[in-house]
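First up is the structure itself, then whatever we jot down about it.
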Amino acid sequence: MIIAIDGPAASGKGTLARRLAARYGLPHLDSGLLYRAVAHHLAAHGGDLADAAAAERAARALDPGQLGDPALRTRGAGEGASIVSAHPGVRAALLDFQRSFAATAPGAVIDGRDIGTVICPDADVKIFVTASPEERARRRALELEARGEPADHAAILADVRRRDERDMTRATAPLKPADDAVELDTTALDADGAFAAAVAIVDARTAQRRRA
Ligand SMILES: Nc1ncnc2c1ncn2[C@@H]1O[C@H](COP(=O)(O)OP(=O)(O)O)[C@@H](O)[C@H]1O
Ligand SMILES: Nc1ccn([C@@H]2O[C@H](COP(=O)(O)OP(=O)(O)O)[C@@H](O)[C@H]2O)c(=O)n1
């Protein structure tokens, strides 16, 4: 089974994807880490995030073994990721890795921006997770504070809005729900409530497929 979870920054995609993966016994891929790793590599080597050719080279040389680096979770890496992810060459370079991950038995849960639209258009279940920008900024600020990173709420809200705008308006693989995605607004749900709603969506789709 392939479950695609897409949505804007700090909507809770990763948390949901991790919990769904555990529930259904599937491996999980946080695709945002791939773009964060490209941005981090470029920045660490004095590269320019706007340089499409350099970003594509970094994407082609990416070592998936390094996705656990905590430096990839910072605010700066997220901002950098949203810049390099707009380069079509970077997206093309990361496509095969994501598709192979999904194609390996027994399937996968992958979260990102274009999983249901581009990476796995035939996913068994597609969930588009949203929450208001204010709630997402509140969640991200708490997360950064818990890791000891300074968290100015107004600056984080501005980040979230800027990233949404960039991700939704880029020409290649923009952030948008797939036609057959179920939208899940988690503004008023805590993590347990969001998980319960997501499990209900997966189970309903699975039952529907069994009947078909
Ligand atoms: N429904 C929720 N309610 C409150 N906080 C949540 C919820 N879902 C996730 N979080 C918290 O919000 C932060 C961002 O969640 P995360 O899953 O990393 O989002 P994303 O992958 O969309 O960026 C994390 O600290 C997470 O624990
Ligand atoms: N499938 C994906 C995943 C992330 N991204 C880009 O990578 C950035 C960081 O993604 P992320 O999922 O790690 O970010 P958060 O939602 O966790 O803040 C996003 O703002 C997107 O620009 C993408 O373009 N496509």
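In each ligand, atom 1 is the first atom listed, and ligand 1 is the first ligand listed.
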Any N or O of T15 closer than 3.5 Å to N or O of ligand 1: yes
Counting only heavy atoms closer than 4.0 Å, does ligand 1 sit against the backbone of L189, its side chain, both, or neither? backbone
Give the residue and atom name of whichever protein heavy atom lies nearest to atom 25 (O) of ligand 1, and the separation in Å to one decimal. E143 CB, 3.4 Å
Any idea which part of S82 is under 4.0 Å from ligand 2, heavy-atom wise: side chain, backbone, both or neither? both
Is there a donor-acceptor contact under 3.5 Å from the side chain of H41 to the main chain of G47? no
Side chain, backbone, both or neither: which applies to A10 and ligand 2 if a contact is any heavy-atom pair less than 4.0 Å apart? backbone
Is it true that, when you exclude D179 itself, more than 12 heavy atoms of the residues, nucleotides or ligands shown sit nearer than 6.0 Å to its CG? no
Contact atoms of ligand 2, heavy-atom distance to G32 under 4.0 Å: 3 (C), 4 (C), 10 (O), 11 (P), 12 (O), 13 (O)
Short version for R170: what comes under 4.0 Å of ligand 2, heavy atoms counted, is side chain
Is ligand 2 under 4.0 Å from a heavy atom in the side chain of R91, in the backbone, in both, or in neither? side chain
Closer than 4.0 angstrom, basic N to acidic O: yes or no for R91 and D114? yes
Do any N/O atoms on T186 end up under 3.5 angstrom from N/O atoms on ligand 1? no
Heavy-atom distances under 4.0 Å are what count here, so tell me which part of R163 touches ligand 2: side chain, backbone, both or neither. side chain
Note the single closest protein heavy atom to atom 12 (O) of ligand 1, along with its residue, its atom name and the distance in Å. R139 CB, 3.3 Å
Contact (N/O only, under 3.5 Å) between A10 and ligand 1: yes
Looking at R73, I want to see if its CZ is surrounded by more than 12 non-hydrogen atoms of other residues, nucleotides or ligands under 6.0 Å. no
Testing R136, R139, E135 one by one against T186 for a side-chain hydrogen bond (donor to acceptor under 3.5 Å, both in side chains), which residue passes? R139
Among all protein heavy atoms, pick the one closest to atom 21 (O) of ligand 1 and tell me residue, atom and distance. G14 N, 2.8 Å
